[in-house]
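Everything numeric here is computed off the predicted structure, so don't read it as measured data. Atoms considered below: every heavy atom in the structure, side chains included; atoms not considered: hydrogens, waters and symmetry mates. Below, chain A is the first sequence line, B the second, and so on; all start at residue 1.
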Amino acid sequence: MRYSALEIIKHAFSGNRHWKPAWREPQPKSHYDVIIVGGGGHGLSTAYYLAKEFGVTNVAVLEKGYLGSGNVGRNTTIIRSNYLLEGNEPFYEFSMKLWEGLEQDFNFNAMVSQRGIVNLFHSDGQRDAYARRGNAMRMHGVDAELLDREAVRKMMPFLNFDHARFPILGGLLQKRAGTARHDAVAWGYARGADSRGVDLIQNCEVTGIVRDDAGQVTGVETSKGFIGCTKLALATAGHTSVTGKMAGLDLPIETHVLQAFVSEGLKPVIPNVITYGAGHFYISQSDKGGLVFGADIDYYSSYAQRGNLATVEHTIEEGVSLIPGLSRARVLRAWGGVMDMSMDGSPIIDKTPIDNLYLNCGWCYGGFKATPASGFCFAHLIAKDEPHYTARLLRLDRFRRGFVVDEGGKGPQPNLH
Amino acid sequence: MASLITCPHCGVRPKEEFSIRGDAVPVRPAPNASDETWYAYVYVRDNPKGLIREYWHHTGGCRRFLVVERDNVTHEVFSVTDAADLARSASGEVA
């Protein structure tokens, strides 16, 4: 069934008692053409694009919890394509273009809101760096605008412009960036994949990867028994080292926890997404009124979906330093998500040394905005056995060959990316 | 929650005094080791779920490099040892 205004009116007359579930709850078949491990944003979008764009529908998505129970529901919902490097910018712009048509494409309200993002700068050197980044974006056909101090003040008068240590000198604006309702993104992809015949199997944890004598993957051992497959795709960011180990992969990844916060609901105050150039703080306001914000990871390796109080303090200090009025707001909720921190801060969408095992991982804490392009490019790779043009540099062997995509210039220090 | 670290030199100290350097298991290869060995040392991480050994630098204290052995799911800390002591005992050298 297609969702529409007419359907809403029709169902209103019958007291909304006849809505059908958005997807089935199938039992696993004994064999699939493609099994995707991980029913988060990237796994679901991969399944959706496999079915819709590449005609591969004999697909199962195996999820150990419920759909979207991981990082797709644990982020700060920001979407943007303001990157510098060749390996990243075309890819994230491809994602941005998919975001722009997403709701019509999968017929689900993902509340995509292009309210713009401003990256603030606080020194001459930082201004130069952002001017360079803006130029790189424009050379890739992406919108970017360098704002001076007065233009930023007009847009966001509540910022701490005269900070003694980090005065605001201006910002880099990408107007097409914004936010999206993260859970709805997972649900929209899930519904779209399911309606095209993909089996979404929840509460089905993969416990082992089964390979034949030649080393090819033949299927997976799960909490619901053995399921065979022709191709296996891992989209288990946060736990990629755990699933990768089942197939003996050596990976350039460390797992870390990132926290996010939401305040009580407030009247509209923050018109866009703001990032603090003097710290690693980012904030926006949800349509319900809560301020959604976050900052750095906790710096030590962690598989626990909860964070440390020191980082909470650090985040709030940064926020109050940027927006003094924030000190009056109260935090309503805080949560943590575990993520793959890769060795250069960029993701991996690639084949592996095992012929029929495909890998999507290393999203650090930038995975949400990439959800559409990640799924599209991963589906392209699985269906055609060759990389999508925009993801061709996001290879697993780039570390070995010396072609890292190090956007932050931080070197192989995963807790700093 | 790994909030308090017992430094062998300074006693019980809050986490904020430390800079975390990362996995303490990879051992720096010889300068003329093969590219493959260097690649593994620089980029590949075992990244276990559970027991992990990490370098923590006591930047706000004695400035010694420590090896913290802990559980990265429960955040329980099992031991904190001076990195130099560990290296000496591994090579059989007497401190």
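- With a 4.5 Å cut-off on non-hydrogen atoms, A/Glu254 touches chain B through its backbone and its side chain both.
- Applying the 6.0 Å contact sphere to CZ of A/Arg401 captures more than 12 heavy atoms from other residues, nucleotides or ligands.
- For the pair B/His75 and A/Arg306, the minimum side-chain heavy-atom distance is below 4.5 Å.
- The neighbour count for A/Phe403 CZ, taken as heavy atoms of other residues, nucleotides or ligands under 6.0 Å away, does not exceed 12.
- For a residue to count as touching a neighbouring chain, one of its non-hydrogen atoms must lie under 4.5 Å from one of that chain's; by this rule B/Pro14 does not touch chain A.
- With chain B as the partner, the residue from A/Gly244, A/Gly402, A/Ala304 showing the most heavy-atom pairs under 4.5 Å is A/Ala304.
- Side-chain atoms of B/Ile20 and A/Asn415, non-hydrogen and from C-beta on, do get closer than 4.5 Å to each other.
- Between the side chain of A/Asp250 and the backbone N or O of B/Ala40, no donor-acceptor pair lies under 3.5 Å.
- Under the 4.5 Å side-chain criterion, counting only non-hydrogen atoms from C-beta, B/Val68 is not in contact with A/Tyr300.
- Counting non-hydrogen atoms of neighbouring residues, nucleotides and ligands closer than 6.0 angstrom, the CZ atom of A/Arg392 exceeds 12 such neighbours.
- Neither the backbone nor the side chain of A/His314 comes within less than 4.5 Å of any heavy atom of chain B.
- Atoms CE and OH, from A/Met343 and B/Tyr43 in turn, are 9.0 Å apart once rounded to the nearest 0.5 Å.
- Both the backbone and the side chain of B/Asp23 come within contact range of chain A, each with at least one heavy atom under 4.5 Å from a heavy atom of that chain.
- For A/Ile253, the parts sitting under 4.5 Å from any heavy atom of chain B are the backbone and the side chain alike.
- With rounding to the nearest 0.5 angstrom, the OG1 atom of A/Thr255 is 3.5 Å from the CG atom of B/Asn47.
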> Step by step, would you call A/Lys245 with B/Asp46 a salt bridge (charged side-chain N to carboxylate O under 4.0 Å, His left out)?
Replying inline: CA-CA 9 Å; A/Lys245 237 168 247 173; B/Asp46 190 42; 3.5 Å; yes
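- Counting all heavy atoms, side chain and backbone alike, A/Asn308 lies closest to B/Lys15 at ND2-CD, 3.3 Å.
- Neither the backbone nor the side chain of A/Gln305 comes within contact range of chain B; no heavy atoms are under 4.5 Å apart.
- Contact record, A/Val242 with B/Lys49: CG2-CB, 4.2 Å, taken as the closest heavy-atom pair.
- Heavy atoms closer than 4.5 Å to chain B are found nowhere in A/Asp344, neither backbone nor side chain.
- Contacts between A/Val338 and chain B at a heavy-atom distance below 4.5 Å are absent for every atom of the residue.
- Side-chain N or O atoms of B/Asn72 include none that pairs as donor or acceptor with a backbone N or O of A/Ser301 at under 3.5 Å.
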